[in-house]
Amino acid sequence: MRLYWAVLAGSFRRHATYRVATAAGVFTNTVFGFILAFTYMALWDERPRLGGYDMAEALAYVWLGQALLAVTSLMGGGFEDELIQRIKTGDIAVDLYRPADLQLWWFSANLGRAAFQLLGRGVVPMAVGALAFDIALPEHPLTWAAFLVSVLLAVAVSFALWYLVALSVFWLLDGAGVVQVAWLSGVFFSGMLLPLTVFPGALGEVARALPWASMLQVPADVFLERRAGRALLGAYGFQAGWAVVLLSAGRALQAVATRRVVVQGG
């Protein structure tokens with residue numbers, strides 16, 4: 001495990017060197033936070049308690065979305081670009097022959113990236129939102145810890161989804177189309193545009209059951225203390241369940257891809 005801790009720490013330090021990109025990301029998230037906040041205010045003025053949220057909760061939801069956008073790679077931009085490139089160039093063959101688990105290696109690297117993004121691009125927009133607007137904040141100190149656990153599970157689900165997307169390039173040769181579908185799905189079904197509780201009827205039920213809900217809607221509900229006690233355990237179970245299913249699918253696909261590389265190499 002020492003190897004994977006080293007990979008995690010190295011990834012954190014690597015992303016910490018991109019200071020200009022981080023500052024640009026903070027600025028972009030903050031600007032879009034203001035745009036969405038004023039849009040939500042107009043919408044909630046017309047439809048109070050829309051989706052079960054009051055105005056303060058709706059505004060908190062906006063800034064949580066901006067804080068977690070890069071952390072959970074809702075629109076991509078994580079590890080998948082590098083992995084896809086290594087598959088396309090054939091460099092992945094070297095990775096597969098290394099005495100390290102490919103999935104654990106990239107998971108560790110992505111965890112280091114997500115940890116930096118939470119500190120580098122998550123804290124500042126959330127703080128700006130809290131200063132500029134009357135947003136709902138947790139009443140109980142332990143809620144912050146519960147929220148961080150939910151974010152960790154969200155990162156695991158996000159990684160598992162993008163890992164499957166990246167591995168698809170073994171057969172598709174070009175991942176542009178799959179990547180585009182993945183980030184569009186992430187933006188829509190995570191609740192990035194509107195809380196999933198706003199979605200009507202069957203669409204809402206389906207959206208809340210899909211893995212993308214784990215990446216924003218569930219952590220937001222934990223932060224807003226809408227999940228407590230058994231409901232909190234249910235939220236964790238939902239996220240962990242999707243993480244296990246998708247990580248297992250990724251490991252199975254990885255095994256098939258490895259056999260393909262070995263056969264072609266032989």
Grab the two heavy atoms, one from [X] and one from [Y], that are nearest each other, plus how far apart they are.
{"X": "Val62", "Y": "Gly33", "value": "CG1-O, 3.6 Å"}
{"X": "Phe189", "Y": "Ala207", "value": "CD2-CB, 3.8 Å"}
{"X": "Leu232", "Y": "Arg227", "value": "CB-O, 3.8 Å"}
{"X": "Ile87", "Y": "Leu167", "value": "CD1-CA, 4.2 Å"}
{"X": "Ala243", "Y": "Ala156", "value": "CB-CB, 4.2 Å"}
{"X": "Leu224", "Y": "Glu57", "value": "CD1-O, 3.9 Å"}

Notebook entry, point to check: Does Phe107 have its ring centroid less than 6.0 Å away from the ring centroid of Tyr4?
Noted result: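 No: the rings miss the under 6.0 Å criterion.
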Check: Looking at the rings of Phe32 and Phe27, which for Trp means the six-membered one, are their centres under 6.0 Å apart?
Finding: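 Judged by ring-centre distance (under 6.0 Å), Phe32 and Phe27 do not meet the cut-off.
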Using the ring of each side chain (for Trp, its six-membered ring), is [X] parallel, tilted or perpendicular to [Y], with breaks at 30° and 60°?
{"X": "Phe133", "Y": "Trp63", "value": "tilted"}
{"X": "Phe188", "Y": "Phe199", "value": "tilted"}
{"X": "Phe238", "Y": "Trp242", "value": "perpendicular"}

Next item on the list: Sort out for me which residue in Leu172, Leu83, Val178 forms a side-chain contact (heavy atoms from CB on, under 4.5 Å) with Val165.
Entry: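 Between Val165 and the candidates, side-chain contact (heavy atoms from CB on, under 4.5 Å) is satisfied uniquely by Val178.
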Next item on the list: Using side-chain contact (heavy atoms from CB on, under 4.5 Å) as the criterion, point out the one residue from Leu246, Val179, Val157 that pairs with Trp162.
Entry: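 Option passing the side-chain contact (heavy atoms from CB on, under 4.5 Å) with Trp162: Val179.
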When clusters are formed by joining ILVMFWY residues with side-chain heavy atoms under 4.5 Å apart, either directly or through shared neighbours, do [X] and [Y] land in the same one?
{"X": "Trp212", "Y": "Val244", "answer": "no"}
{"X": "Val26", "Y": "Val123", "answer": "no"}
{"X": "Phe38", "Y": "Ile35", "answer": "no"}
{"X": "Leu104", "Y": "Leu111", "answer": "yes"}
{"X": "Leu102", "Y": "Trp171", "answer": "yes"}

Minimum side-chain heavy-atom gap [X]-[Y] below 4.5 Å:
{"X": "Leu216", "Y": "Thr72", "answer": "no"}
{"X": "Phe116", "Y": "Arg113", "answer": "no"}
{"X": "Phe147", "Y": "Pro138", "answer": "no"}
{"X": "Val128", "Y": "Phe34", "answer": "yes"}
{"X": "Arg121", "Y": "Met126", "answer": "no"}
{"X": "Gln239", "Y": "Ser150", "answer": "yes"}
{"X": "Leu137", "Y": "Ile135", "answer": "yes"}
{"X": "Gln66", "Y": "Leu36", "answer": "yes"}

Next item on the list: Report the residues that fulfil side chain to side chain contact (heavy atoms under 4.5 Å, CB included) with Val71, sequence neighbours left out, ordered by chain and then residue number.
Entry: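 Partners of Val71 by the side chain to side chain contact (heavy atoms under 4.5 Å, CB included) criterion, ordered by chain and then number, come out as Leu68, Ala114, Gln117, Leu118, Val151, Val155.
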Note to self: According to side chain to side chain contact (heavy atoms under 4.5 Å, CB included), who are the partners of Arg86, at least two apart in sequence or on a separate chain?
What the structure shows: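 Applying side chain to side chain contact (heavy atoms under 4.5 Å, CB included) to Arg86 gives Asp91, Asp95, Arg98, Trp106.
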[atom2] on [Y] to [atom1] on [X], rounded to 0.5 Å:
{"X": "Leu210", "Y": "Ser185", "atom1": "CG", "atom2": "OG", "value": "9.0 Å"}
{"X": "Leu194", "Y": "Tyr61", "atom1": "CG", "atom2": "OH", "value": "8.0 Å"}
{"X": "Leu43", "Y": "Met55", "atom1": "CG", "atom2": "CE", "value": "8.5 Å"}
{"X": "Ser190", "Y": "Leu196", "atom1": "OG", "atom2": "CG", "value": "7.0 Å"}
{"X": "Ile84", "Y": "Thr89", "atom1": "CD1", "atom2": "OG1", "value": "12.0 Å"}
{"X": "Arg208", "Y": "Ser214", "atom1": "CZ", "atom2": "OG", "value": "13.5 Å"}

Is it the case that the side chain of [X] and the backbone of [Y] share a donor-acceptor pair, with hydrogens and angles ignored and the cut-off at 3.5 Å?
{"X": "Ser11", "Y": "Leu8", "result": "no"}
{"X": "Glu225", "Y": "Glu139", "result": "yes"}
{"X": "Ser158", "Y": "Ala154", "result": "no"}

Note to self: Filter on salt bridge (Lys or Arg N to Asp or Glu O under 4.0 Å), then keep only pairs touching residues 32-54, sequence neighbours left out; what's left?
What the structure shows: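 Those involving residues 32-54 are Arg49-Asp54.
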Next item on the list: List the steps and the verdict of side chain to side chain contact (heavy atoms under 4.5 Å, CB included) for Phe12 and His15.
Entry: CA-CA 5 Å; Phe12 185 96; His15 285 86; over 6 Å; no
Note to self: Looking only at the side chains, is there a donor atom on one of Tyr163 and Gln254 sitting less than 3.5 Å from an acceptor on the other?
What the structure shows: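 On atom types as modelled, these side chains qualify, holding a pair under 3.5 Å.
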Margin query: Checking Gln85 against Asp81: is there a side-chain donor and acceptor pair closer than 3.5 Å?
Written below: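 No, no side-chain donor-acceptor pair sits under 3.5 Å.
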Check: Under 6.0 Å from the six-membered ring centre of Tyr53 and within 45° of its axis: does the NZ or CZ of Arg226 meet both?
Finding: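 Yes; both conditions hold, so Arg226 lies above the ring face of Tyr53.
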